[in-house]
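Report on the structure given below.
First the proteins, then the strands, lettered A, B, ... as listed; each starts at 1.
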Number of protein chains: 2
Amino acid sequence: MGRPAHITDEDLLNAAMRVAARHGPARASVAAIAKEAGVPVGSVYHRVPSRSALLADCWVKAAERFAAGFFNRLEQAKSLDEAVEAALLTPRFAREDHAAAVLLLASRREDFLDEAPEETKNRASALTRDLQKNIADAAKRLLPADPKGRERMAVALIGIPYGAVRVFLPQAVPPAEIDAVIAAAARAALLSGTA
Amino acid sequence: MGRPAHITDEDLLNAAMRVAARHGPARASVAAIAKEAGVPVGSVYHRVPSRSALLADCWVKAAERFAAGFFNRLEQAKSLDEAVEAALLTPRFAREDHAAAVLLLASRREDFLDEAPEETKNRASALTRDLQKNIADAAKRLLPADPKGRERMAVALIGIPYGAVRVFLPQAVPPAEIDAVIAAAARAALLSGTA
DNA sequence: CACGTAATAGAATATATATTCTTTTATGGT
DNA sequence: ACCATAAAAGAATATATATTCTATTACGTG
């Protein structure tokens, strides 16, 4: 079987996510990631083909973790109030998985994906497409009369919670009190003009 | 007088801002900036001491452009409705000065400032402090009963418009229709719980 | 119309860091 | 106990790019 590994592939991924969250993807050098994971530089290349591939995996992993909960909630929403619940997944995600949230919310996607292998880029594109489709479907379902429903839904369920949480990240965690503020703001965004 | 310059220092700064907005600060190499500005690499170093200093100046310049309008509007606000007007400066800024907005909204501050000369860092810190003071003053003035007024004001006037605009940046410009959505959301954020 | 100056121009150098290579080490199976 | 294997370990190399250096050029001035 050979010598046992000190860490799993997932440990390495999480270490890379922490470093990328702390200092930004550009500063997440292989040396820094290896140090965070507690393995020598050379060992990193036993796990992953390149730094770009590892960073891209970080982004996809973080996005998948967020998307899982979000898609599920939004698809089931039968009313605007239920859609507002989906907006609250962002502050919760930021509390539960700080590194992933910082990575998704405080850096640009391209900094993780530009040099990625084609296959990873495709996974990332698929995720983005799914998100846009979910938003569009929800808009069609819950805001059928609004010609700009898609934009409104995106702003209400993604933009507003994103911005509200961003006020606190990356240093702190969003306090519990802002969830009510986010819910009120998202609801107002969905209803304004409809009144 | 010596040979005349092809470009002004401000031309160089704007070129750097465009490159940083387009590809992110990490990818804004001196070569790329020089090419964008239309001057050879060596000439860049006649204007600025280092790449880090130039990028840091970009951030400060962009922040100053935004802050000028924002401070002015917020200081004068005598009511919550007037404060909501300050939230609308963000989408307007994104339309009028796309590069500066992308730079401020889609990258992390530290990527521009971490290696900056001390003096530039201080200017940036002063700007941040001023922003926080303005928010805190407005909260004390317009939300005197709310113990979390500062956070609420920050989320309503910075976070919400920031997130709403971010849905469209960096590729596009925020459409005019979202201003009403932002205003409704910001107002709801300021009033929720007070009702 | 030379002369001094300040900028252009791009080649040369230094540095940081991603990647590769070689050696060493720890485990499971025989 | 010995062997094959897979990973650790870190030194060596390659590459990208920030910075410095050495000319060259265009303008105003005496």
Side-chain angles (χ1 to χ4, degrees), chain A residues 1-20 22-59 107 110-118 120-121, chain B residues 1-20 22-59 107 110-118 120-121:
Chain A
M1 271 291 247
R3 183 172 177 173
H6 286 181
I7 62 167
T8 67
D9 285 6
E10 203 185 340
D11 290 337
L12 181 63
L13 197 65
N14 285 328
M17 282 185 51
R18 286 196 300 277
V19 175
R22 196 154 50 237
H23 303 296
R27 300 230 177 192
S29 67
V30 176
I33 294 168
K35 190 179 177 190
E36 174 80 21
V39 300
V41 173
S43 298
V44 170
Y45 284 86
H46 279 270
R47 319 302 191 101
V48 294
S50 70
R51 171 181 176 273
S52 342
L54 177 58
L55 286 183
D57 280 344
C58 285
W59 193 91
S107 294
E110 305 90 58
D111 285 349
F112 286 93
L113 292 172
D114 268 357
E115 300 175 358
E118 217 52 39
T120 314
K121 278 189 188 175
Chain B
M1 270 288 254
R3 184 172 175 172
H6 286 179
I7 60 166
T8 68
D9 284 7
E10 203 185 341
D11 290 336
L12 181 63
L13 197 65
N14 285 328
M17 283 185 50
R18 286 195 302 275
V19 175
R22 195 153 50 237
H23 303 296
R27 299 230 177 191
S29 67
V30 176
I33 294 169
K35 190 178 176 191
E36 173 81 22
V39 299
V41 173
S43 298
V44 170
Y45 284 86
H46 278 273
R47 320 299 191 101
V48 294
S50 71
R51 171 180 178 274
S52 343
L54 177 57
L55 285 183
D57 280 344
C58 285
W59 193 91
S107 294
E110 306 89 59
D111 285 348
F112 286 94
L113 291 172
D114 268 357
E115 301 176 355
E118 216 52 39
T120 313
K121 278 189 188 174

Completion exercise
B/Arg51 CZ to D/dA16 P, in whole Å, measures 16 Å

Completion exercise
A/Asp11 meets the side-chain hydrogen bond (donor to acceptor under 3.5 Å, both in side chains) criterion, sequence neighbours left out, with A/Thr8

Completion exercise
By nearest-heavy-atom nucleotide on DNA chain C, the more 5' of B/Ala5 and B/Gly42 is B/Ala5

Problem - Given D/dT19, D/dA9, C/dT19, the nucleotide with the shortest approach to the side chain of A/Val30 - result: C/dT19

Problem - Atom pair distance, as rounded to whole Å: NZ in A/Lys35 and C1' in D/dA9 - result: 17 Å

Exercise for the section: Identify whether any heavy atom of A/Ser29 sits under 4.0 Å from a base atom; if not, whether one sits that close to sugar-phosphate; answer base, sugar-phosphate or nothing. Expected result: sugar-phosphate

Practice task
Look at the side chain of A/Pro4 and decide which nucleotide, out of C/dT27, D/dC27, C/dT8, has an atom nearest to it.
Solution key: C/dT27

Handout entry: Salt-bridge criterion met for A/Glu36 and A/Arg22 (N-O under 4.0 Å)
Key = yes

With the criterion being N/O to N/O and under 3.5 Å, what pairs connect the protein with nucleotides 22-24 of chain C, and how long is each?
none

Handout entry: Euclidean distance, atom CD1 of residue B/Ile33 to atom P of D/dT17 [Å, nearest integer]
Key = 12 Å

Exercise for the section: Rounded to the nearest angstrom, tell me the gap between atom OH in B/Tyr45 and atom P in C/dA11. Expected result: 17 Å

Problem - Reported OG-to-CD1 distance for the pair B/Ser43 and B/Ile7, which is rounded to 0.5 angstrom - result: 8.0 Å

Practice task
To the nearest Å, give me how far apart CD (A/Glu115) and P (C/dT17) are.
Solution key: 15 Å

Handout entry: Length of the CD1-P vector between A/Ile7 and D/dA9, whole Å
Key = 10 Å

Problem - Pairwise distance NZ(B/Lys121) to CG(B/Leu113) - rounded to 0.5 angstrom - result: 8.0 Å

Fill in the blank from the handout: When rounded to whole Å, the CG to C1' distance for the pair B/Asp114 and C/dA16 reads 17 Å

Handout entry: From CD1 (B/Ile33) to CE (B/Met17), nearest 0.5 Å
Key = 11.5 Å

Handout entry: B/Ser107 OG to B/Phe112 CZ distance, which is reported to the nearest 0.5 Å
Key = 4.5 Å

Practice task
Examine D/dA8: is either OP1 or OP2 under 4.0 Å from a nitrogen or oxygen in the side chain of A/Arg47? Give yes or no.
Solution key: yes

Problem - side-chain N/O B/His6 vs C/dA9 OP1/OP2, d < 4.0 Å - result: yes

Exercise for the section: Specify the separation, in whole Å, of atom CZ of A/Arg27 and atom C1' of C/dA16. Expected result: 12 Å

Completion exercise
Walking DNA chain D from its 5' end, the first of B/Ala26 and A/Ser43 to be reached, judged by nearest nucleotide, is A/Ser43

Problem - Straight-line distance of B/Leu54 CG to B/Asp9 CG, nearest 0.5 Å - result: 9.5 Å

